[in-house]
Asker: 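Please read through the structure below; I'll follow up with questions.
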Number of protein chains: 2
Amino acid sequence: MMTALGDPTRQAILDRLSDGPRPVGELADGLPVSRPAVSQHLKVLKDVGLVLDRQVGTRRLYRVDPAGLALLRSHLDQFWQRSLEAFESTIEDQEGASDDDPAD
Amino acid sequence: MMTALGDPTRQAILDRLSDGPRPVGELADGLPVSRPAVSQHLKVLKDVGLVLDRQVGTRRLYRVDPAGLALLRSHLDQFWQRSLEAFESTIEDQEGASDDDPAD
DNA sequence: GCTAGTCGTAAGTCGTAACTTACCGTTCGT
DNA sequence: ACGAACGGTAAGTTACGACTTACGACTAGC
């Protein structure tokens, strides 16, 4: 999932989709790559659960999947949590070797 | 920055670092790649502001940069915000065209 | 049923970046 | 001062994935 977000084009696609649902052709128009390329990127994003698609008439509307975004956010939050805890522990190891409240 | 996190090896490195500071050799021991490879990845992560390093004796300790993590989080939050707003607008466009409380 | 419009997929090319080995600089211990 | 440990950098190979063109499938309108 994080890996899928590594590509700049996919970031751009997801960025446009965050403004609302878009058909493939319209996405491709605003990007420096061909329409099939956009289709392939959309497939990747869909496989990892970051976008949803629905057929409407002759075109296919893609939009951001809130659930996928929630997953991404929770992962990052867990990561954030662990890092902060480790950060505080490190400080304690450095300065707190003698005291419990090193106020400077 | 998001692009830097695209590589699985870098994700693994950052994952270990989230448990606390680690020297390069120790990181390489727990990974299926050589030590120079880890060094190169660390350079990338450092360039985008995701890790910090400090020399201690003969080795170099790397750790997660809280500021970089904060940036990443804020970017994702902005994205999250926009997506939710677009999502709600879409619903209004779809169902709210006639009523304000479509209970079905 | 035919045409036009939109999109997904297949096949193939090409650039890049992830990785390796080899080498050199730096720091600590004796 | 010398040897050992640790790590960054250079050079080169290779695998992967991002992209293009070509084609087929599906839907809507006439």
Asker: Can you check the B:Asp53 CG to D:dC6 C1' distance for me, whole Å?
Answerer: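 Spelled out: CG on B:Asp53 to C1' on D:dC6 is 14 Å.
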
Asker: Considering only heavy atoms, which members of residues 37-50 of chain A lie under 4.0 Å from some atom of DNA chain C?
Answerer: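 Hits under 4.0 Å, by residue number: A:Ser39, A:Gln40, A:Lys43.
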
Asker: Is the backbone of A:Trp80 close enough, under 3.5 Å, to the side chain of B:Arg73 for a donor and an acceptor to pair up by distance?
Answerer: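 No, because the side chain of B:Arg73 does not come within donor-acceptor range (under 3.5 Å) of the backbone of A:Trp80.
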
Asker: Hey, does B:Val38 have a side-chain heavy atom less than 4.5 Å from the side chain of B:Thr9?
Answerer: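 No, side chains not in contact.
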
Asker: Just by protein heavy atoms under 4.0 Å, how would nucleotides 22-30 of chain C read 5' to 3' in B, S and -?
Answerer: B----SS--

Asker: Can you tell me the distance, in whole Å, between the CG atom of A:Leu61 and the P atom of D:dT27?
Answerer: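 The answer, rounded to whole Å, is 15 Å.
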
Asker: If we ignore hydrogens and angles and just use 3.5 Å, is the side chain of A:Arg59 paired with the main-chain N or O of A:Arg22 as donor and acceptor?
Answerer: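 No, the answer is negative, given that no donor and acceptor are paired below the 3.5 Å cut-off.
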
Asker: Quick one: do A:Asp53 and A:Arg60 satisfy side-chain contact (heavy atoms from CB on, under 4.5 Å)? Show the steps, please.
Answerer: CA-CA 7 Å; A:Asp53 61 331; A:Arg60 183 173 288 253; 2.4 Å; yes

Asker: Less than 4.5 Å apart, any side-chain heavy atom of A:Ile13 and any of A:Tyr62?
Answerer: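 They are not in side-chain contact.
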
Asker: Does D:dC6 have its OP1 or OP2 closer than 4.0 Å to a side-chain nitrogen or oxygen of B:Tyr62?
Answerer: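 Answer no for this pair, as no side-chain N or O of B:Tyr62 is under 4.0 Å from OP1 or OP2.
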
Asker: What is the distance from CG of B:Leu27 to P of D:dC6, rounded to the nearest Å?
Answerer: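 Rounded to whole Å, this separation is 14 Å.
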
Asker: Hey, is A:Arg35 close enough to A:Asp29 for a salt bridge, meaning N to O under 4.0 Å?
Answerer: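 Salt bridge: no.
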
Asker: Find out if a path of hydrophobic residues (ILVMFWY) with successive side-chain heavy-atom gaps under 4.5 Å connects A:Leu31 to A:Val64.
Answerer: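 Yes; A:Val64 is reachable from A:Leu31 via cluster members.
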
Asker: Would you say B:Arg60 reaches D:dC6's phosphate, i.e. side-chain N/O to OP1/OP2 under 4.0 Å?
Answerer: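 For B:Arg60, the contact criterion (side-chain N or O under 4.0 Å from OP1 or OP2 of D:dC6) is not met.
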
Asker: Of all heavy-atom pairs between B:Gly20 and A:Ala86, which one has the smallest distance, and what is that distance?
Answerer: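 Between these two residues, the closest heavy atoms are N-CB, 3.7 Å.
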
Asker: Do you reckon A:Val48 sits in the same ILVMFWY cluster as A:Leu52, going by side-chain contacts under 4.5 Å, direct or chained?
Answerer: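 Hydrophobic grouping puts A:Val48 apart from A:Leu52.
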
Asker: Any salt bridge between A:Asp15 and B:Arg82, counting N to O under 4.0 Å?
Answerer: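 Here A:Asp15 pairs with B:Arg82 in a salt bridge, since their nearest N and O are under 4.0 Å apart.
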
Asker: Backbone N or O of A:Ala4 within a donor-acceptor pair of the A:Arg10 side chain at under 3.5 Å?
Answerer: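 At least one qualifying donor-acceptor pair exists.
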
Asker: Residues from residues 7-19 of chain A sitting under 4.0 Å of DNA chain C, heavy atoms only?
Answerer: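 Those residues whose heavy atoms fall under 4.0 Å from DNA chain C, taken from residues 7-19 of chain A, amount to none.
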
